[in-house]
Each structure stands twice: as C-alpha cells, then as structure tokens.
Amino acid sequence: MSATNNNLLPQHVSIIMDGNGRWAKQRGKERTEGHIEGVESVRACTEYAAERGIKYLSLFAFSEENWGRPQEEVEALMSLMVKCISAETPTFTKNNIRFVVLGNLERLSEGLRTEIADCMALTAGNTGLTLILFLSYSGKWDIVQAANRVLASNGGEGEITMEQLEAALCTRAAAIPDPDLLIRTSGEMRISNYMLWQSAYTEYYFTDILWPDFRKNEFKAALDEYAKRERRYGKV
C-alpha cells in the first residue's frame with residue numbers, strides 16, 4: 001500500500017526537527033551550520049507537502065526549554081529565523097501558502113515578532129498549504145494558557161470542561177486541526193513537551209535520519225508508513 005493514494009494522506013503532518021547539532025558535529029562544523037542546512041530541509045518538506053496536497057504542515061522549531069541553550073546559539077537561531085521568514089514571504093505569497101506562528105511569542109525579539117506579524121498578515125488569505133511554525137512553545141504552556149483563557153471568560157468561576165479547554169488551545173484559535181502524523185527525526189523517541197493535548201491520537205513516526213538530511217524521499221517514506229496504519233481512536 002502506498003501513500004500515492006491521496007485518500008490515505010494525513011491532513012496535518014507535524015515534524016519535530018531534531019539533529020541539527022549532531023549533523024554539524026559529525027562534519028566538524030559549528031552547530032549553527034546544522035541549523036542553516038536544516039532550513040533546506042524545511043524548504044524541501046514544505047514543497048513536498050504542497051505537491052502532495054497536504055493541508056497543514058507544522059514544524060517544531062524552538063521550544064520554551066530551548067531558551068536554556070547557550071546564548072550565542074539562541075541569538076544565531078533567532079537571527080536565522082528573521083532572515084528566513086523575510087526571505088520566504090514572497091515565496092509563500094506566490095505559492096498560496098498561509099504562514100502561522102504559534103507559541104509564547106512575548107519572549108521573542110521585537111524584530112522577529114515584526115517579521116512574523118508581517119508575513120502572517122500578507123499570507124492570511126492564502127488557501128493552499130498552511131505552514132505552522134511553533135516557536136517558544138511547549139505543550140504544558142499551551143494547556144495552562146488555555147485554562148487561564150477559560151477561567152477569564154468564566155469570571156474565575158465554575159469547572160473547566162474538556163470542550164472549553166480544547167477550544168482555547170493556541171492551535172484552535174488559529175483553526176489548526178490536531179496532527180494526524182507526527183514525525184521525529186534523529187532517532188530520539190519522545191515528543192518533548194510538544195502538542196501534548198493535540199497529539200492524543202496522533203500516529204507517531206520515528207526515524208534515525210538527522211533533520212538536515214530529511215528531504216522528500218524521507219518524507220515520502222513516512223507517508224507510506226502512515227498509509228499502512230489503521231486509526232481506530234480507541235474503538236475496535
């Protein structure tokens with residue numbers, strides 16, 4: 001069975017992009033070089049998702065825990081993100097891609113927040129692939145901010161229902177459905193505090209491939225594996 005049958009394609013694919021640092025270390029390069037090469041994988045996977053007709057592609061780019069990395073690396077990453085978003089905005093517009101960024105954006109620099117806001121505004125009306133970048137995000141933060149939203153709307157009274165909490169998650173506010181397939185690169189077999197609520201019934205796919213080496217063929221292999229699975233959501 002092959003994922004060439006579009007009826008077997010996931011609507012929303014999410015990727016934990018892991019292994020940039022190890023990729024660079026294996027080649028005797030600075031970690032930043034791994035992040036730069038990883039951008040090429042982002043381009044390749046975005047192109048392939050659009051070609052295949054996948055509706056949503058989300059990428060875990062920077063977690064709240066990543067703020068604990070060396071300051072030099074964090075600053076280099078943020079600078080790279082500013083440049084990439086600015087450079088890719090015309091491409092998103094040309095290819096009908098809607099760009100969305102989710103996370104605790106208050107921690108980002110003013111320059112990065114400006115680039116994000118401009119790109120999101122310019123692409124808001126696009127109707128093709130939706131590309132979601134999770135920046136300064138954690139699943140626990142998402143659940144807590146959702147609970148606080150519900151409490152605020154309820155005047156701090158009453159119980160919080162599952163339906164209310166789910167509706168207040170940052171993905172719901174952006175009209176992003178739960179992921180059908182979650183891919184993690186680099187051989188790590190954990191989800192690292194990522195979309196904890198949303199991935200309750202997501203199919204997981206783990207690969208030893210480091211993110212800078214994950215391109216169209218590797219993406220296709222993940223889709224082919226997904227096509228073989230039967231999703232029962234706890235039912236028979």
Side-chain angles (χ1 to χ4, degrees), residues 12-18 20-21 31-32 35 38-39 42 46 56-86 88-89 92 98-124 130-154 156 160 162-179 182-185 188 190-200 202 211:
H12 178 183
V13 178
S14 193
I15 305 177
I16 298 176
M17 306 180 294
D18 195 19
N20 291 346
R31 289 176 60 87
T32 304
H35 298 311
V39 172
V42 171
T46 301
Y56 302 89
L57 175 65
S58 58
L59 306 172
F60 196 16
F62 192 87
S63 71
E64 283 215 296
E65 291 80 7
N66 287 156
W67 289 109
R69 290 185 175 185
Q71 184 177 357
E72 183 179 354
E73 181 179 355
V74 171
E75 290 178 352
L77 262 173
M78 293 301 160
S79 176
L80 180 61
M81 288 178 191
V82 170
K83 292 177 182 176
C84 288
I85 292 171
S86 177
E88 294 299 322
T89 298
F92 294 154
R98 178 169 74 111
F99 182 67
V100 176
V101 177
L102 299 176
N104 186 5
L105 305 188
E106 293 179 359
R107 298 191 66 175
L108 303 180
S109 69
E110 183 177 352
L112 181 50
R113 291 200 306 270
T114 297
E115 290 293 343
I116 289 168
D118 289 347
C119 187
M120 287 178 61
L122 287 169
T123 64
T130 294
L131 177 64
I132 307 108
L133 205 62
F134 283 86
L135 286 180
S136 188
Y137 175 87
S138 83
K140 292 179 180 179
W141 164 85
D142 197 2
I143 293 169
V144 169
Q145 67 85 30
N148 286 330
R149 282 188 187 181
V150 176
L151 285 172
S153 66
N154 290 347
I160 297 176
M162 289 180 63
E163 292 76 15
Q164 286 176 317
L165 189 62
E166 188 167 72
L169 294 169
C170 68
T171 46
R172 288 293 184 273
I176 308 298
D178 292 344
L182 175 60
I183 300 168
R184 179 164 188 152
T185 61
E188 302 294 349
R190 57 179 180 271
I191 60 171
S192 297
N193 197 8
Y194 179 53
M195 282 203 282
L196 299 177
W197 183 290
Q198 296 93 328
S199 64
T202 297
W211 175 245

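- Ring geometry for Phe92 against Phe99 counts as parallel: the plane angle stays under 30°, on a 0 to 90° scale with 60° as the upper cut.
- Side chains of Thr123 and Val100 form no contact here, defined as non-hydrogen atoms less than 4.5 Å apart.
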* To do: Carefully, step by step, assess Val42 and Leu133 under the rule side-chain contact (heavy atoms from CB on, under 4.5 Å).
  => CA-CA 10 Å; Val42 171; Leu133 205 62; 6.0 Å; no
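- Between the side chain of Thr202 and the backbone N or O of Pro179, at least one donor-acceptor pair lies under 3.5 Å.
- In this structure, the side chains of Glu72 and Glu75 stay at 4.5 Å or more apart for every pair of heavy atoms.
- Annotation: the span from Arg107 atom CZ to Trp141 atom CH2 amounts to 11.5 Å, rounded to 0.5 Å.
- With values rounded to the nearest 0.5 angstrom, Met195 atom CE is found 12.0 Å from Ile143 atom CD1.
- Asn148 places no side-chain N or O within 3.5 Å of a backbone atom of Gln145 that could act as its donor or acceptor partner.
- Remark: the backbone N or O of Ile85 is paired with a side-chain donor or acceptor of Thr89 at under 3.5 angstrom.
- Taking the six-membered ring where the residue is Trp, Phe60 and Tyr194 present parallel rings, their angle staying beneath 30° rather than reaching 60°.
- For Gln198 and Asp142, the side-chain atoms include at least one donor-acceptor pair closer than 3.5 Å.
- Of all the heavy atoms in Glu64 and Ser138, the pair that sits closest is OE1-OG, 3.7 Å.
- Here the OG1 atom belonging to Thr32 is positioned 7.0 Å from the CG atom belonging to Leu77, to the nearest 0.5 angstrom.
- Between atom CD1 of residue Ile160 and atom CZ of residue Arg149 there is a gap of 13.0 Å, rounded to the nearest 0.5 Å.
- For the pair His12 and Pro177, the tightest heavy-atom approach, listed with the atom from each and the gap, is ND1-O, 2.7 Å.
- One distance of note links CG of Leu112 with CE of Met78; it measures 6.5 Å at 0.5 Å rounding.
- No donor-acceptor distance shorter than 3.5 angstrom exists from the side chain of Ser86 to the backbone of Val82, with no hydrogens or angles considered.
- Thr130 places no side-chain N or O within 3.5 Å of a backbone atom of Tyr56 that could act as its donor or acceptor partner.
- In this structure, CZ in Arg184 is found 9.5 Å from CD1 in Ile191, a value given to the nearest 0.5 Å.
- Thr185 places a side-chain N or O within donor-acceptor distance of the main-chain N or O of Asp18, the cut-off being under 3.5 Å.
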